[in-house]
Amino acid sequence: MPELPEVETLCRQLRPVIVGREIQSLRVIDRKLGHLPPLAGREVRSVERHGKRMVWMLSDGQCLAFQLRMTGRLFWLEGGETPPHARLVFFFPSGRLVLSDPRRFATVALCSPSAASPVADGLEPLDPKALAASARRRRLPVKSFLMDQRAVAGIGNIYASEILHGAGIDPTRPACSLTPAQWRRVATVSARILAKAVEARGTSISDWRDLFAGPGEYQHQLRVYGRKGERCRACRCEILRVVIAGRSTFYCPTCQK
DNA sequence: TCCCATGTTGCTAA
DNA sequence: GTTAGCAACATGGG
């Protein structure tokens, strides 16, 4: 599923295509998405992102929030084709935007034009002191802490493993046990990895595709995720897989302490 | 057939 | 209060 870099990729591709354009009509294919208010005739004023959530600001003051969850995808189509698992279609003058979602976990809902979220977004430079402060009483594994959307917005299972490898930190360490220097490493590495993943238009491990159905390229730069039994590119030791809070976690026992 | 899956929420129990 | 564990959501791929 899309994490921050994948959602950011969609936002960047979507802006030139729909910002300033009017939604002509809407077709709800999957009733599980629930009731959507009338949107026809509204113009999309902006496309924003916070963490893994995409938000459209509309000309009537409403905000529409997308949570793609595990398998939600957005595709821009100008021809007549319809992708598999289409759940929702926005008709614009120049084409259609389709929400495709095999597992049907994605949500679309109106939200209030909220003030800035108090949670730092992973693409912004993280403040190591603030990270340390919010982890001060958290004994859960630092990997789970990084994936807690209330701590940092946007980091999911793939990038949590990658960031901790880059920072040289054992993912099972209690969050409260990291030193200030280690939080500085986390802050620096996190911004660098997420930015590089955005540049690469995300990670296509299995079936992530961007707005134009193109694959991302960051899977070629992964250091640990999905590499159980392979060798660490830094020290040649074997990459291990462990389960933390029910999620696959990959790390190098030599590079990460 | 079984196991796995890039997410989130809510419950239970320690 | 915190955390782990589990189920649920629902489907497809290996």
Side-chain angles (χ1 to χ4, degrees), chain A residues 1-11 29-34 49-54 65-74 83-88 99-109 111 117 119 121-123 134-165 171-177 190 193-194 196-198 200-211 214-229 241-251:
Chain A
M1 138 97 206
E3 300 182 36
L4 183 155
E6 289 75 26
V7 180
E8 178 66 17
T9 296
L10 288 176
C11 289
I29 297 168
D30 185 355
R31 300 192 71 91
K32 190 188 172 208
L33 287 169
R49 179 193 59 73
H50 188 253
K52 304 170 191 173
R53 169 188 301 222
M54 176 189 290
F66 296 77
Q67 288 262 26
L68 299 176
R69 307 239 188 159
M70 291 291 276
T71 52
R73 307 282 182 262
L74 289 174
H85 312 296
R87 307 298 180 194
L88 176 65
L99 170 66
S100 153
D101 185 14
R103 289 173 72 173
R104 302 170 69 202
F105 294 163
T107 59
V108 182
C111 61
S117 163
V119 181
D121 182 84
L123 259 198
S134 76
R136 197 158 53 101
R137 291 190 179 79
R138 309 291 305 275
R139 309 185 77 88
L140 80 174
V142 61
K143 190 238 186 184
S144 300
F145 176 79
L146 287 181
M147 291 175 66
D148 180 344
Q149 302 301 299
R150 298 164 302 183
V152 182
I155 298 175
N157 203 36
I158 293 179
Y159 299 108
S161 280
E162 292 298 309
I163 289 165
L164 289 171
H165 178 262
T172 62
R173 286 268 302 277
C176 58
S177 74
S190 165
I193 287 182
L194 294 174
K196 279 190 170 274
V198 171
R201 299 188 334 282
T203 301
S204 291
I205 284 283
S206 58
D207 55 5
W208 155 251
R209 291 296 182 274
D210 68 15
L211 188 64
E217 300 295 344
Y218 196 75
Q219 61 277 17
H220 307 303
Q221 298 182 56
L222 294 175
R223 291 295 185 263
V224 287
Y225 187 86
R227 300 189 66 238
K228 176 188 174 184
R241 173 186 182 269
V242 294
V243 174
I244 296 176
R247 312 298 300 276
S248 287
T249 305
F250 300 87
Y251 73 107

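In the text below, chain A, chain B and the rest are named by the order of the sequence lines, each starting its count at 1. Note that these values count all heavy atoms, side chains included, but never hydrogens, waters or copies made by symmetry.
For Glu3(A), there are no salt bridge (Lys or Arg N to Asp or Glu O under 4.0 Å) partners, not counting sequence neighbours. By the side chain to side chain contact (heavy atoms under 4.5 Å, CB included) test, Val224(A) is found to be paired with Ser161(A), Glu162(A), His165(A), Ile239(A), Phe250(A), Gln256(A), residues two or more places apart in sequence or in another chain being considered. For Arg209(A), the salt bridge (Lys or Arg N to Asp or Glu O under 4.0 Å) criterion is met by no residue, not counting sequence neighbours. With sequence neighbours excluded, the residues satisfying side chain to side chain contact (heavy atoms under 4.5 Å, CB included) with His50(A) are Ser117(A), Val119(A), Asp121(A), Ala153(A). Not counting sequence neighbours, Tyr251(A) has no partner by the ring pair (Phe, Tyr, Trp, His ring centres under 6.0 Å) test. Applying the salt bridge (Lys or Arg N to Asp or Glu O under 4.0 Å) test to Arg103(A) and every residue at least two apart in sequence or in another chain returns nothing. Scanning for side chain to side chain contact (heavy atoms under 4.5 Å, CB included) contacts around Arg247(A) gives Lys143(A), Met147(A), Asn157(A), with sequence neighbours left out. Under the rule for a salt bridge (Lys or Arg N to Asp or Glu O under 4.0 Å), the partners of Arg138(A) that lie at least two apart in sequence or sit in another chain are Asp148(A).
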*Given the rule that a pair is Watson-Crick or G-U wobble with both distances under 3.5 Å, how would you write DNA chain C in dot-bracket, using | for pairs to a different strand?*
.||||||||.||||
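The nearest whole Å value for the distance from the NE2 atom in His50(A) to the P atom in dT8(B) is 13 Å. The CZ-P distance, from Arg209(A) to dT6(B), rounds to 17 Å in whole Å. Put simply, CZ on Arg73(A) is 12 Å from P on dT6(B), counting in whole angstrom units. For Phe66(A) and dT8(B), the CZ to P distance is 16 Å, given to the nearest whole Å. Between Ile155(A) atom CD1 and dG7(B) atom C1' there is a gap of 15 Å when expressed in whole angstrom units. Taking atom CG of residue Leu68(A) and atom C1' of nucleotide dG7(B), one finds them 10 Å apart after rounding to whole Å. Note: CD1 (Ile205(A)) to P (dT6(B)) measures 10 Å, nearest angstrom. Regarding Lys228(A), its NZ atom lies at a distance of 13 Å from the C1' atom of dC3(B), rounded to whole Å.
Under 4.0 angstrom from either OP1 or OP2 of dG7(B) there lies at least one side-chain N or O belonging to Arg247(A).
Checking each of Leu146(A), Leu164(A), Ile193(A) against Tyr159(A) for a side chain to side chain contact (heavy atoms under 4.5 Å, CB included) leaves exactly one that passes, namely Ile193(A).
Side chain of Gln149(A) to main chain of Gly154(A): a donor-acceptor pair is present (N/O by atom type, distance under 3.5 Å, no hydrogens or angles). Between the Arg227(A) side chain and the Gly229(A) main chain, no donor and acceptor come within less than 3.5 Å of each other. Panel note: side chain Gln219(A), backbone Ser204(A); a donor-acceptor pair is recorded below 3.5 Å.
Here Arg241(A) lies in heavy-atom contact (under 4.0 Å) with sugar-phosphate atoms only. Among the protein residues, Gly246(A) comes within range of no part of the nucleic acid, since none of its heavy atoms lies under 4.0 Å from any strand. Contact annotation for Tyr159(A): no contact, since no heavy-atom pair falls under 4.0 Å across all strands. At a threshold of 4.0 angstrom between heavy atoms, the contacts of Asp101(A) with the nucleic acid are absent.
Each of Pro102(A) and Ile244(A) lies near DNA chain C, and the nucleotide nearest Ile244(A) is the one positioned closer to the 5' end. Residue whose closest nucleotide on DNA chain C sits further toward the 5' end, between Asp207(A) and Lys32(A): Lys32(A).
Comparing the same atom, P, in dT8(B) and in dG1(C) gives a spacing of 25 Å after rounding to whole Å. Between dC4(B) and dG5(C), the distance separating the two P atoms is 15 Å to the nearest Å. Comparing the same atom, P, in dC3(B) and in dC6(C) gives a spacing of 14 Å after rounding to whole Å. Comparing dT1(B) with dA8(C), their C1' atoms sit 22 Å apart, to the nearest whole Å.
A side-chain donor-acceptor contact under 3.5 Å links Ser248(A) and Arg241(A).
For DNA chain C, the span of nucleotides reached by chain A at under 4.0 Å from its heavy atoms goes, 5' to 3', from dT3(C) to dG12(C).
Only Gln149(A), listed by number, bring a heavy atom of residues 140-149 of chain A to less than 4.0 angstrom from any atom of DNA chain B.
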*Nucleotide by nucleotide, 5' to 3', does protein get under 4.0 Å of the base (B), only the sugar-phosphate (S), or neither (-) in nucleotides 9-14 of chain B, counting heavy atoms?*
------
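Arg201(A) and Asp210(A) are joined by a salt bridge, as a carboxylate oxygen and a charged side-chain nitrogen come within less than 4.0 angstrom of each other.
For the residue pair Ser190(A) and Gly122(A), the shortest heavy atom distance occurs at OG-O, 4.3 Å.
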